[in-house]
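Step one of this worksheet: look at the structure below.
In this chain, residues are counted from 1 in sequence order.
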Amino acid sequence: MEVIIVNEEQVKNGLFPMGEKNEAYKDVFVGQSYLDMLVADPDINVGVGNVSFEPGTRNNWHIHHDGFQLLLVTAGEGWYQEEGQEARRLKVGDVVVTKDGVKHWHGATKDSWFSHVAITAGTPEWLEAVDDETYGKLENK
């Protein structure tokens with residue numbers, strides 16, 4: 001069965017620039033992501049970045065210590081999951097609030113490009129990858 005990929009133009013020509021390949025964080029992603037830092041001012045205690053994901057790309061489980069993460073979905077379709085909770089399918093206009101100390105991950109669906117603006121404070125602790133078996137089961141929901 002052929003997988004049809006959607007939302008590529010929506011991501012590549014989105015509200016914010018897609019950015020360059022996210023080489024700085026490639027070790028904590030499965031697949032290819034892109035990053036354009038919208039706010040990276042040392043005098044401001046939050047980072048704001050447009051993160052884009054190729055289909056099937058997701059970041060590792062992670063925790064934000066002494067901070068939080070807000071995700072504003074701007075293009076495509078993706079997933080968000082907190083530890084111990086069911087995964088939530090994301091679409092344009094969705095907003096996710098991740099509070100301090102909550103283990104979570106986010107990324108694209110297998111057949112869609114995905115972008116979100118991430119507003120992040122605190123120190124991230126990067127953990128294990130979301131394995132292919134766990135990720136693959138989400139697509140059947």
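With hydrophobic clusters built from ILVMFWY side chains whose heavy atoms lie under 4.5 angstrom apart, V95 shares a cluster with V117. Both M37 and W126 belong to a single network of hydrophobic side chains, linked directly or stepwise wherever heavy atoms of I, L, V, M, F, W or Y lie under 4.5 Å apart. Residues Y25 and Y34 do not share a hydrophobic cluster, defined by chaining ILVMFWY side chains whose heavy atoms lie under 4.5 Å apart. The hydrophobic clustering, which links ILVMFWY residues whose side-chain heavy atoms are closer than 4.5 Å, places V30 and V51 apart. One hydrophobic cluster holds both L38 and I44 under the rule that ILVMFWY side chains link at heavy-atom gaps under 4.5 Å.
Minimum interatomic distance between A87 and L138 (heavy atoms only, all atoms of both residues): CB-CD2, 3.4 Å. I5 and P55 make their closest contact through CG2-CG, 3.4 Å (heavy atoms, listed as atom of the first residue, atom of the second, distance). Nearest heavy atom pair, residue D43 against residue D41, reads N-OD1, 2.7 Å. Here the closest heavy-atom approach between residue A118 and residue L71 is recorded as CB-CD2, 3.9 Å. Residues D100 and H64 come closest through the heavy atom pair OD1-O, 3.0 Å. Across all non-hydrogen atoms, the minimal contact from T57 to Q32 is OG1-N, 3.1 Å.
K110 has no carboxylate O lying under 4.0 Å from a charged side-chain N of E77, or vice versa, which leaves the two without a salt bridge. Electrostatic pairing of D131 and K137 does not count as a salt bridge here, judged by no charged N lying under 4.0 Å from a carboxylate O. The existence of a salt bridge linking K12 and E9 is excluded, since no basic side-chain nitrogen approaches an acidic carboxylate oxygen closer than 4.0 Å.
In this structure, NE2 on H62 lies 12.5 Å from OG1 on T123, to the nearest 0.5 angstrom. Atom CG of D111 sits about 8.5 Å away from atom CG of N7, to the nearest 0.5 Å. Here the straight-line distance linking atom CG of L127 with atom CG of N59 works out to 10.5 Å at 0.5 Å rounding. Here K91 contributes atom NZ and S112 contributes atom OG; the two are 13.0 Å apart, rounded to the nearest 0.5 Å. In this structure, the separation between CG on D36 and CZ on F16 is 9.5 Å, given to the nearest 0.5 Å. Atom OG of S52 sits about 8.5 Å away from atom NE2 of H116, to the nearest 0.5 Å.
In the displayed structure, E20 atom CD is contacted under 6.0 Å by at most 12 heavy atoms of other residues, nucleotides or ligands. Residue E23 places its CD atom among more than 12 non-hydrogen atoms of other residues, nucleotides or ligands, all under 6.0 Å distant.
Relative to the ring axis of W79, R89 places its NZ or CZ within 45° and under 6.0 Å from the centre.
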Query - side chain to side chain contact (heavy atoms under 4.5 Å, CB included) between L70 and V96, worked out - result: CA-CA 6 Å; L70 309 175; V96 175; over 6 Å; no
**Report entry** Candidate pair N50 and S115, rule side chain to side chain contact (heavy atoms under 4.5 Å, CB included), full reasoning
**Finding:** CA-CA 7 Å; N50 185 46; S115 284; 4.1 Å; yes
**Report entry** Worked verdict on E54 versus W113 for side chain to side chain contact (heavy atoms under 4.5 Å, CB included)
**Finding:** CA-CA 5 Å; E54 290 185 2; W113 284 71; 3.4 Å; yes
Requested in this report: Take F68 and V97 through the test side chain to side chain contact (heavy atoms under 4.5 Å, CB included) and record every step on the way to the result.
Outcome: CA-CA 8 Å; F68 57 84; V97 177; over 6 Å; no
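Between F114 and H106, the distance from one ring center to the other does not fall under 6.0 angstrom.
Using a distance-only test at 3.5 Å, with no hydrogens or angles considered, a donor-acceptor pair links the side chain of Q10 to the main chain of G76. At distances below 3.5 Å, not a single donor-acceptor pair connects side-chain atoms of R88 with backbone N or O atoms of E86.
Using a 3.5 Å distance cut-off with no hydrogens or angles, the side chains of E125 and H65 do pair a donor with an acceptor. There is a side-chain donor-acceptor pair under 3.5 Å between Q69 and T120. Judged purely by distance below 3.5 Å, without hydrogens or angles, the side chains of E82 and H104 never pair a donor atom with an acceptor atom.
The shortest side-chain heavy-atom distance between L72 and I119 falls under the 4.5 Å cut-off.
Each of W105, W61, Y135 was compared with Q81 under the side-chain hydrogen bond (donor to acceptor under 3.5 Å, both in side chains) criterion, and only W105 meets it.
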